[in-house]
2 protein chains.
Amino acid sequence: MKKKMTIKEIARELDVSISTVSKAMSNSSEISQDTIDKVQAFAKLYNYKPNNIALSLKNKKTKNIAVLIPEIVHHFFTMIISGIEHKANELGYNVIVCLSNESFDKEVINMETMANGSIDGFLLSLSKDTLLKKDFHHLREVINQGMPLVMFDRTTDEIYCDKVIIDDARASYNAIQHLIYSGCQRIALITTEDYISIGKLRTQGYVNALYDAGIPLDEDLIVKIDKDDELENKIKDLFDNQQFDAVFGVNELYAVVAMREAHNRGFKIPQEMSFIGFSDGILSKYAYPTLTTVIQHGFEMGEKAAKMLIDRLEKGDDDSSYRTEVIKTSILQRESTKPI
Amino acid sequence: MKKKMTIKEIARELDVSISTVSKAMSNSSEISQDTIDKVQAFAKLYNYKPNNIALSLKNKKTKNIAVLIPEIVHHFFTMIISGIEHKANELGYNVIVCLSNESFDKEVINMETMANGSIDGFLLSLSKDTLLKKDFHHLREVINQGMPLVMFDRTTDEIYCDKVIIDDARASYNAIQHLIYSGCQRIALITTEDYISIGKLRTQGYVNALYDAGIPLDEDLIVKIDKDDELENKIKDLFDNQQFDAVFGVNELYAVVAMREAHNRGFKIPQEMSFIGFSDGILSKYAYPTLTTVIQHGFEMGEKAAKMLIDRLEKGDDDSSYRTEVIKTSILQRESTKPI
DNA sequence: AGAGGCTGCGAAAACGTTTTAGTGTTGAGA
DNA sequence: TCTCAACACTAAAACGTTTTCGCAGCCTCT
């Protein structure tokens, strides 16, 4: 086990001062070419690499950013992380991943343990719990300490900071419009409870699209899911009690499970019943039939969020000109809807 | 924006020495209760938190561990990460996620940038590229520097270190046995090329199970996939040219795609044809019909790997008594196989 | 009253680096 | 020969901690 080389070691071995070594390593013009060569050769030989922690302490920069998300076992979030990691690496940053598991407490703890010098900035998507509690003091605290924070996907209006979001209302509007154009009239909606901003916005898009198309809104066609374990039963209820010719699910799971129920009940898809999901995951891609879906471009969202954070870190424009970037969605037509 | 509180600040404000503050914060017996109270009250008031970087430098410990994986957009890997994160957090460590994207070069670069003080140890699953090249110098280097390394899932025999693996051969043996017990005789195998140790081992389990059951091996029933984009065609070829009553896929995607092809060709599942996949992802769960699958317990694997690494970090038993832990698999019977 | 032992605190080193502000030697110009 | 600049290098501070050692002052024994 080789001992770790430090500048100090090199200085001692080469019988020069610490400062000389440091400057030689950075090709400073203060140092003679002879010395530079000597030092760099020695450093290379012994595989010297500057200690990152020492650099961080000196520069007050860690080149680390934290991304705090509710869950990692979700295609959309992993795409976002991929995007973040990709962009961050490109710009010389490392990514520390923290999971809140949808818990307010864990979100707070994670932010506190990270905010003591370990990282330069935060990338955050709020937990359900936090959204419910509407308690954002931990975000305020971090921002007050001067640590940049960029929120993505699950955000709140109560905090002023950079944000990257999907235009959920529009995306959902487009999906419904797509169904209507393809000839559907009675469109069921499977969504989340309203405290998830995403569910609320997507519901709104649904409502607006129906309105603009002159189709009356039927509340009985809207199913709100709180916990995933009630999903199947609520969908069965829907099929038992209502008639409809299309289903829009605010995520791919909802759509796929509904599609399966339709399949079991002998509906022809998409001739008798059409389906659109949200978020282009593996489920949509390999469902039977394959699911038409709203693509959220998670990778791009991650890249953009990372870029916004790092820009703020490096440009340091604290002039609170916070921006909110909207990631466009698109519809990927597959087998579960009729061609327009 | 509040200025960051440091020990130095507190010392100055309270007109005591730096050492006194430090000791007071840790309730040292050297300091009078009066002073302790005074210091702690002040610290709390100004929300003092010790700077992690300074601590890292002093202690030569960062309380960070890196996990380097080939891909994050995979259910199995996200489960592993969840497990790692969970255990690491429990033990007071943060997790830095690095992605190699199956590239040897990125794996090397990631390890080098991490190994300069940023982390205390590595959790690693090898990239395909590295497995192909069989070049492990970067691992040796890291180990030589005295940095603990725990490999999981995709490992190599050429490197001595702690490992956590699935007993792939046995898992696959069990799956095939399951099919045989349920009455299947001609079982197709959809696997990866042999350089992926996982594909190789699972193939071996398949071979052994057939042998032990006295079923002759038919090489034509084995399909090897290299790139995912050739998957569908190779499966179609299989259906075109061979007859069989069961399919075992070495991951869930292979099994699901094959099942879909069977579905399209009108086979009754599982009566006429059975399917088993590997790794209990979302695809298996929501496939139609739901897919019987070998559960790998990724979360547990992550937890165990994290624990092994942290144990080594804290106990510091460098006596090279490297262990290899084997995570047991189990079979989750769903709709795609006949009950035994 | 002197020796010894607590008590409560401070000075300084150490972790590994960069950077600012010198310092000594050399050579050239006056 | 004196001065000044250029050159090549070094000393020391700084980043924020912890920890070892030392040192007063006071008390208690004998």
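Chain identifiers are assigned alphabetically (A, B, ...) following the order of the sequence lines, protein sequences preceding nucleic acid strands; residue numbering begins at 1 within each chain. The structure displayed is predicted, hence computed values, not measured ones.
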Would N116(A) and N52(B) count as having a side-chain donor-acceptor pair, cut-off 3.5 Å? no

Check the distance between dC7(D)'s P and E30(A)'s CD and give it to me in whole angstrom. 11 Å

Output the rounded distance in Å from NZ (K4(B)) to C1' (dG16(D)). 10 Å

Go through the steps for E107(A) and K128(A) under the test salt bridge (Lys or Arg N to Asp or Glu O under 4.0 Å), then give the verdict. CA-CA 10 Å; E107(A) 194 175 291; K128(A) 278 189 198 177; over 6 Å; no

Can you confirm whether the side chains of E112(B) and H138(B) place a donor and an acceptor under 3.5 Å from each other? no

Given atom CD1 of I36(A) and atom C1' of dC7(D), what is their separation to the nearest angstrom? 13 Å

Are T130(A) and S127(A) close enough that a side-chain donor and a side-chain acceptor fall under 3.5 Å? yes

Could you check which residues of residues 51-59 of chain B get a heavy atom under 4.0 Å from DNA chain C? Sort them by number, please. L57(B), K58(B)

Counting distance only, does the side-chain N/O of D135(B) pair as donor-acceptor with the main-chain N or O of H137(B) below 3.5 Å? yes

Say whether, by atom type as modelled, one donor and one acceptor occur between the side chain of N101(B) and the main chain of S103(B) under 3.5 angstrom. no

Which whole-number value in Å describes the distance from K8(B) NZ to dG10(C) C1'? 15 Å

Take R312(A) and D162(A) through the test salt bridge (Lys or Arg N to Asp or Glu O under 4.0 Å) and record every step on the way to the result. CA-CA 9 Å; R312(A) 205 163 275 278; D162(A) 289 318; 2.5 Å; yes

Please give the angle, rounded to 10 degrees, between the axes at the start and the end of the helix from dA1(C)-dT30(D) to dA30(C)-dT1(D), where five pairs define each axis. 80°

Taking atom P of dG10(C) as reference, at what distance in whole Å does atom CZ of R12(B) sit? 15 Å

Give the C-alpha distance, both sets of side-chain angles, the deciding distance and a yes or no for salt bridge (Lys or Arg N to Asp or Glu O under 4.0 Å) between K106(B) and E85(A). CA-CA 12 Å; K106(B) 232 199 137 191; E85(A) 212 266 353; 3.3 Å; yes

Can we say K307(A) and E314(A) salt-bridge, meaning some charged N sits less than 4.0 Å from an Asp/Glu carboxylate O? no

Does a donor on one side chain sit under 3.5 Å from an acceptor on the other, for S19(B) and S22(B)? no

Would you call V21(A) and F42(A) a side-chain contact if the rule is heavy atoms closer than 4.5 Å? no

Separation of dC9(C) P from N27(B) CG (nearest whole Å): 14 Å

Residues in contact with DNA chain D, drawn from residues 13-26 of chain A - heavy-atom cutoff 4.0 Å: V16(A), S17(A), S19(A), T20(A), K23(A)

Using atom OH of Y48(B) as one end and atom P of dG16(D) as the other, report the distance to the nearest whole Å. 10 Å

